[in-house]
Amino acid sequence: MPANKIDETGGPVTQQSESRRRFLKTAGIAAGALTLPFGTAAQPTTALQQMEQQKTDATSFSPADYTIRIAVTPIELAPNRIISTVTYNGQFPGPLLRFREGVPVTVDLINDTGVPEQLHWHGQKVPTDVDGAAEEGTPYIPAHGKRRIAFTPNPSGLRFYHSHNRAGADLYAGQYTGQVGPVYIEPKQNPGRYDREVFLTLKEFEPTLSRGGDMAQNFLSPSAKVKELEEQGESAMKASLARGMPHGFEVGYGSFAINGRMLGHGEPVRVKEGERVLFHILNGSATEIRSLALPGHKFHIIALDGNPVPHSADVPVLRLGTAERISAIVEMNHPGVWIMGDLADDDRHHGMGIVVEYAGRVGKAQWIAPPLFKWDYVRFGGGTAAAPDETFDMLFTKENAADEGFNRWAVNRVSYPMTSTPEPAAFHLHQGKRYRIRLRNASDDLHPIHLHRHSFELTRVAGRPTAGIMKDVVMLGGYQETEVCFLADNPGLTLFHCHQQLHMDFGFMTLFDYA
C-alpha cells in the first residue's frame, strides 16, 4: 500500500492541513535576542553581506518555495511548563520540509533575532555557500535580516536542518535552542512496504552545567578498547587531576520531549492493529545519546541517516547518537496503550517518551523494559568495501578542564580556534578519489562524528570489517577505532567535527579542502 501524505505535524494531509502547510511557509513570530554567537563580535555589514542582501532584494518580488523564520518564541512542553527558546516558524520541531530529490528549491531564511545565524542542511550534498557552516565560508543570516538560498535537494531520505552557531558556555545558543527541524527528501522508490509515516524528533530542554559525569557506552558492540589509546587517555586524565584540576564541565537537562511535548502531555500516536507504520526518528539533541523502545514490538530498520541499509534487520531497541536518524517499520501487532520511550528511567520520567495508542484501547499507558540489547552497526552491513586511494589518520584527544573549566578537544593535537572565520584546511582532497579516515579516540567519551556535504561508508567498526552502510554521523566509542571511507565528489571546504555541541565548540573540528 502506498504511503499516505502527511503534514508538518505528522498527521494525514487534509484540506485544512494543506492550508496549514501553505501558512507555515510564510508564517512566523517576530522577537529579539540579546546575545551574539560564540566567537562572533558585532560588526558592520560587509561587502559580501551587502551583495547577499542585494540578491535577496532583487528576487523578493518572487515568492520562495519555503520560508523559515528564526525567532524567540514560547513553546509549551506540558501544561504550566512553558519555556522561551529560539525556534523555526514559531514551533518545535521546525516544520517538516518534504522535498523531491533533484528538484531545485528556494528558501527564504528570515532572522528576527539580534544574533547572526547559520542554518545547516545536515546530510545533504549542497554547495558551501548554502551548507550553513561559517567555517566553510557560508554567509551568516544577518541579525534582523534575511537571506535567500537555492539548492537541489539530495540525496533522498531523512535529513534535517539546524543551527550551526557555536555556543561555547552560552546554553541559550546553538543547538541548545529549539532550532531543529526534519527534512524528508522523497526517494524515487519507496524503501519498504508500509501504510503510513510518523516523524519523531527527540530533544532535551532547560540545559545546565555540571562537573564531570560519565556517558554510558556499554550499549555499543563490539566493546573492545584499544589498549594504547586507553593508556594515553587515562594517563592524561590522571595527570590533570593530580595537578588539582576539577573534572571538565558537562551539560545536563531539566526537561525531555518528543515532538516538543513531554511524555503524557501531547497527542498519542494513534494506530490500528495490522498497520505497518514507518517511523522516521531524529535525535535533535545538542549533546545526548538517545535510546528508544516500544514494549511488545520490534523495529525493522530500513535506513540509517536516511540511507537504505544493505541488510535490514529487526531490533528491540534503537540507539541514536547526536544527529543520527533511523527509519524503521513497526508492525502493529500487540494491541494496547504503550509508552514508546527512552530506556533511561530518569529521562523517560522527565518526558522522553510518547504514547502509542491502538484503536479501541483505553487506559494508562504501560512501559515494560526491553531485554538487554547491544547496538551493532555491523549487523546492517554487507559485502566488501572498496580499497581507498589514500588514508588519513585522525587522533582525538581531550585536555581535561583546560579552557576555563571546559574540556579542550583536539584533532591530531590541534584544537580548532574559537572563531567564526575559516581556518586553513588540515586535509587536502582531489576530486574523484576515495579516502579512508581512521578515527582513533584517545578519550573515554563517546563521539558522534559528522562529515559535512558528503556521505561516508563504514568499513571497520572497533576492529570488525563491514561495508555498504552509508551515513553522515557515526558513534565512536571511548578508546575505540573506527574506519570510514568517502568519495571526494563535492568540491569546496568541508567541515568535519564531533556533533556533540560541547565538544565541537571547544576545538573538536577540522577542515578538508579540494586541491
Side-chain angles (χ1 to χ4, degrees), residues 37-40 118-126 128 131-138 159-168 173-176 179-180 215 251 283-289 305 320-325 392-399 403 406-429 435 437-443 445-456 471-477 482 484 486 490 492-513:
F38 188 62
T40 303
Q118 289 283 0
L119 188 150
H120 172 45
W121 297 98
H122 185 116
Q124 292 202 54
K125 189 181 293 186
V126 293
T128 56
D131 187 45
E135 296 79 11
E136 296 172 349
T138 310
R159 315 290 159 182
F160 76 116
Y161 58 104
H162 64 85
S163 170
H164 212 284
N165 274 9
R166 296 176 76 179
Q175 213 169 319
Y176 297 118
Q179 293 179 84
V180 176
M215 180 181 292
V251 177
N283 181 1
S285 176
T287 60
E288 295 287 292
I289 308 300
D305 291 352
L320 300 97
T322 307
E324 284 191 298
R325 290 90 64 209
F392 299 124
D393 282 313
M394 290 191 186
L395 177 69
F396 309 133
T397 53
K398 173 174 69 175
E399 291 182 73
D403 199 329
F406 291 90
N407 298 324
R408 181 185 295 130
W409 296 92
V411 179
N412 289 350
R413 308 295 181 182
V414 177
S415 292
Y416 199 91
M418 296 182 183
T419 67
S420 58
T421 54
E423 287 288 308
F427 300 92
H428 309 291
L429 309 174
Y435 292 89
I437 312 175
R438 186 176 293 117
L439 312 172
R440 306 179 70 239
N441 184 7
S443 79
D445 293 65
L446 187 154
H447 300 296
I449 304 296
H450 173 45
L451 178 66
H452 279 230
R453 307 176 53 252
H454 301 74
S455 295
F456 53 69
K471 299 185 92 279
D472 52 63
V473 177
V474 62
M475 288 185 283
L476 175 63
T482 287
V484 302
F486 71 98
N490 194 15
L493 283 173
T494 299
L495 186 61
F496 175 96
H497 65 93
C498 178
H499 215 285
Q500 214 268 34
Q501 178 99 42
L502 204 58
H503 299 177
M504 178 186 80
D505 288 348
F506 289 92
F508 201 143
M509 298 199 296
T510 192
L511 277 171
F512 293 90
D513 67 7

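Quick note: numbers below take in every heavy atom, side chains included, and nothing from hydrogens, waters or symmetry partners.
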Exercise for review: In sequence, state the C-alpha distance, the side-chain angles, and the governing distance for Asn412 and Thr510, and then conclude on side-chain contact (heavy atoms from CB on, under 4.5 Å).
Suggested key: CA-CA 10 Å; Asn412 289 350; Thr510 192; over 6 Å; no

Atom pair [atom1] ([X]) and [atom2] ([Y]), whose distance is rounded to the nearest 0.5 Å:
X	Y	atom1	atom2	value
Met475	Thr322	CE	OG1	9.0 Å
His164	Gln118	NE2	CD	8.5 Å
Asn441	Leu476	CG	CG	4.5 Å
Asp305	Lys471	CG	NZ	3.5 Å
Arg413	Leu395	CZ	CG	5.5 Å
Asp505	Asn165	CG	CG	9.5 Å

**Study point:** Step-by-step side-chain contact (heavy atoms from CB on, under 4.5 Å) determination, Met418 to Phe506
**Key:** CA-CA 7 Å; Met418 296 182 183; Phe506 289 92; 2.9 Å; yes

Note, [X] side chain near [Y] side chain (heavy atom, < 4.5 Å):
X	Y	value
Trp409	Asp445	yes
Tyr176	Thr287	yes
Tyr435	His454	no
Glu135	Arg166	yes
Phe427	Met394	yes
Phe396	Leu439	yes
Phe456	Ile437	no

Review point. Looking only at side chains, do His497 and His503 share a donor and an acceptor under 3.5 Å apart?
Key: no

Non-hydrogen atoms of [X] and [Y] that approach each other most closely:
X	Y	result
Gln175	Ser163	OE1-O, 4.2 Å
Ser415	Ala410	OG-CB, 3.7 Å
Ser455	Phe486	O-CB, 3.5 Å
His452	Asp131	ND1-OD2, 2.7 Å
Gly492	Thr494	O-OG1, 3.1 Å
Leu493	Arg453	O-NH1, 3.2 Å

Practice item. Output all residues satisfying side-chain hydrogen bond (donor to acceptor under 3.5 Å, both in side chains) with Asn283, sequence neighbours left out; order by chain, then residue number. Key: none

Exercise for review: Look at the rings of His499 and Phe160 and say which category their plane angle falls in: under 30° parallel, 30 to 60° tilted, over 60° perpendicular.
Suggested key: tilted

Exercise for review: Determine the interplanar angle of the His162 and His122 rings, folded into 0 to 90°, and report it as parallel if under 30°, tilted if 30 to 60°, perpendicular if over 60°.
Suggested key: tilted

Practice item. Determine yes or no for a side-chain-to-main-chain donor-acceptor pair under 3.5 angstrom, with Arg325 supplying the side chain and Ala323 the backbone. Key: yes

Check your understanding: Is the backbone N or O of Gly123 less than 3.5 Å from a side-chain atom of Arg159, with the two atoms forming a donor-acceptor pair by type?
Key -> yes

Exercise for review: Report the C-alpha distance between Phe512 and Leu451 in whole Å, list the side-chain angles of each, state the deciding distance to 0.1 Å, and finish with yes or no for side-chain contact (heavy atoms from CB on, under 4.5 Å).
Suggested key: CA-CA 10 Å; Phe512 293 90; Leu451 178 66; 3.9 Å; yes

Review point. Any Lys/Arg nitrogen of Lys125 or Asp472 sitting under 4.0 Å from an Asp/Glu carboxylate oxygen of the other?
Key: no

Point to revise | Chi angles and distances behind the side-chain contact (heavy atoms from CB on, under 4.5 Å) call for Leu511, Leu495 | key: CA-CA 5 Å; Leu511 277 171; Leu495 186 61; 4.0 Å; yes

